[in-house]
2 protein chains.
Amino acid sequence: MTKREEFKQASLNLIHKKGFKATTIRDLAEMMDCDVANVYNYIDSKQGLLESHLFEINSEFHTQVDQIISSSYSPIDKIKKLVSVYVEITITRPLEASLLVNEWRSLKEPKLTEFIKARESFERKVKKIIIEGINDGTLRQMDPALATYSILSSVRWLFNKYAGKKVKVNRIEVEKQIIEFVLQGIES
Amino acid sequence: MTKREEFKQASLNLIHKKGFKATTIRDLAEMMDCDVANVYNYIDSKQGLLESHLFEINSEFHTQVDQIISSSYSPIDKIKKLVSVYVEITITRPLEASLLVNEWRSLKEPKLTEFIKARESFERKVKKIIIEGINDGTLRQMDPALATYSILSSVRWLFNKYAGKKVKVNRIEVEKQIIEFVLQGIES
DNA sequence: TTATTGTATCAACATTTGTTGATGTAAATT
DNA sequence: AATTTACATCAACAAATGTTGATACAATAA
């Protein structure tokens, strides 16, 4: 692993642990056991570091999501697939998933607006699936916006449990449980 | 309203908007249209400001939750009541609810540990309700930990929609929809 | 061989930021 | 009347922080 990649990974760890704002260039230098100025061999600026982490994982996520959206799956199956993608990313790349949820607020304009727009666009797509499902009767009659947020928040919490912890998880089982929760709730 | 209360409210707004770390004493001064040093007539320190906001709303929340837990309601009804409390606090005090979700990370030791312990204790209590429900058959057979987090995240997202926005919401209707989602999911 | 690339060192900077001390004034409380 | 309380002003400091410039050395690519 090149030193640059090493730095990238280390920065992910540190930012996840301390939060982006609280992570200083000097912290990063110490973690790499190098001089402060040396950090700038790997990054252009502190902001740039956050941006690269964030937009990298974000674009991968959206690529996958868009493939699901434009597929011919039924609304319910699209939602299942969506949960699946979320779980996969959260479990295989927990630190970046955590960044995506926690640190986007630290972006500055114009990147901040760009990020928010992408997320809103994503939420609209999900809402559209929900509305389709309600219309064809496979989903309950409900407020689409509220359903959208409820579903998304249900999958977003995941990183809390798996980011930074050495828990060995059965991805398929986690997927199944979340899908059951979202689709059928908790009542027997 | 005394100037101290004015400041308290203004600081809530600003911290919600910019995040605690990004909110400077000078920002607070500007918002109050007063001198920088003057801010210290209202607070002991920046950290103290966060702590007071956080632990105030937190203790109120936990007080209400504990009353529910130790009541004689059935597990399902306890969960309904829990959602009810969450919705109430989120809608009546959205800014503080948002702090509770977003800014506790900025606490410093020993307050940080204190906060985390309180939250973990709360989550254990919820999990206990779930287990009771599973045991007496009113809840589906499921992973209690996962169910706990799914439920809690479903209610925590709320502030996203209502904090800072001037949306007039029907509290009862929101409650109903969330309870339906948590209990029955979205499938028809 | 020469040029480039990746990495390292040291010193220094301009800002930002939390905080304090000394002091003053007007209103409320005693 | 005397004293406490709430609020205001100004200047200043010490620490933290992002960033840069100049320089150097070794390995790799041309």
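Below, read A as the first sequence line, B as the second, and so on, with proteins coming before strands; counting in each chain starts at 1.
Judged by distance alone, the side chains of A:Thr113 and A:Glu109 do bring a donor and an acceptor atom under 3.5 Å apart. B:Asp27 and B:Thr23 are not linked by any side-chain donor-acceptor pair at a separation below 3.5 angstrom, with hydrogens and angles left out of the test. Checking B:Glu5 against B:Gln9 by side-chain atom types alone, no donor-acceptor pair falls below 3.5 Å.
The two residues B:Lys78 and B:Ile69 have their closest heavy-atom pair at NZ-O, 2.9 Å. A pairwise comparison of heavy atoms in A:Ser154 and B:Ser154 identifies OG-OG, 3.1 Å as the closest pair.
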Which side-chain N or O atoms in residues 114-132 of chain B pair as donor and acceptor under 3.5 Å with protein atoms at least two apart or in another chain?
{"from": "B:Glu123", "atom 1": "OE1", "to": "B:Tyr149", "atom 2": "OH", "distance (Å)": "3.4"}
{"from": "B:Lys125", "atom 1": "NZ", "to": "B:Asp66", "atom 2": "OD1", "distance (Å)": "2.6"}

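Taking the ring centre of B:Phe20 as origin, the terminal cationic atom of B:Lys46 falls inside the region bounded by 6.0 Å and 45° from the ring axis.
The interatomic distance linking B:Ile25 (CD1) with C:dT17 (C1') rounds to 9 Å, in whole Å. The separation between A:Asp44 atom CG and D:dG18 atom C1' is 13 Å, rounded to whole Å. Remark: C1' of C:dT17 and CD of B:Glu30 are 15 Å apart, rounded to the nearest angstrom. Rounded to whole angstrom, the span from the CG atom of B:Asp27 across to the C1' atom of C:dT16 amounts to 11 Å. Rounding to whole angstrom units, NZ of residue B:Lys21 and P of D:dG18 are separated by 12 Å. One can place CG of A:Leu28 at 16 Å from P of C:dT7, the figure rounded to the nearest angstrom. Between B:Lys46 atom NZ and C:dT16 atom C1' the separation is 11 Å, expressed in whole Å. The OH-P distance, from B:Tyr40 to D:dA12, rounds to 19 Å in whole Å.
A:Arg156 contributes no side-chain N or O that, together with a main-chain N or O of B:Ser153, makes up a donor-acceptor pair within less than 3.5 Å.
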Contact letters for nucleotides 5-11 of chain D, in which S counts primed atoms plus P, OP1 and OP2 and B counts the base, heavy atoms under 4.0 Å
--BBBB-
Polar atoms only, N or O, under 3.5 Å: list the protein pairs with nucleotides 14-16 of chain D and their distances.
none

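Checked options A:Leu28, A:Asp44, A:Leu54, A:Leu12; the residue passing with A:Leu49 is A:Leu28 (criterion: side chain to side chain contact (heavy atoms under 4.5 Å, CB included)).
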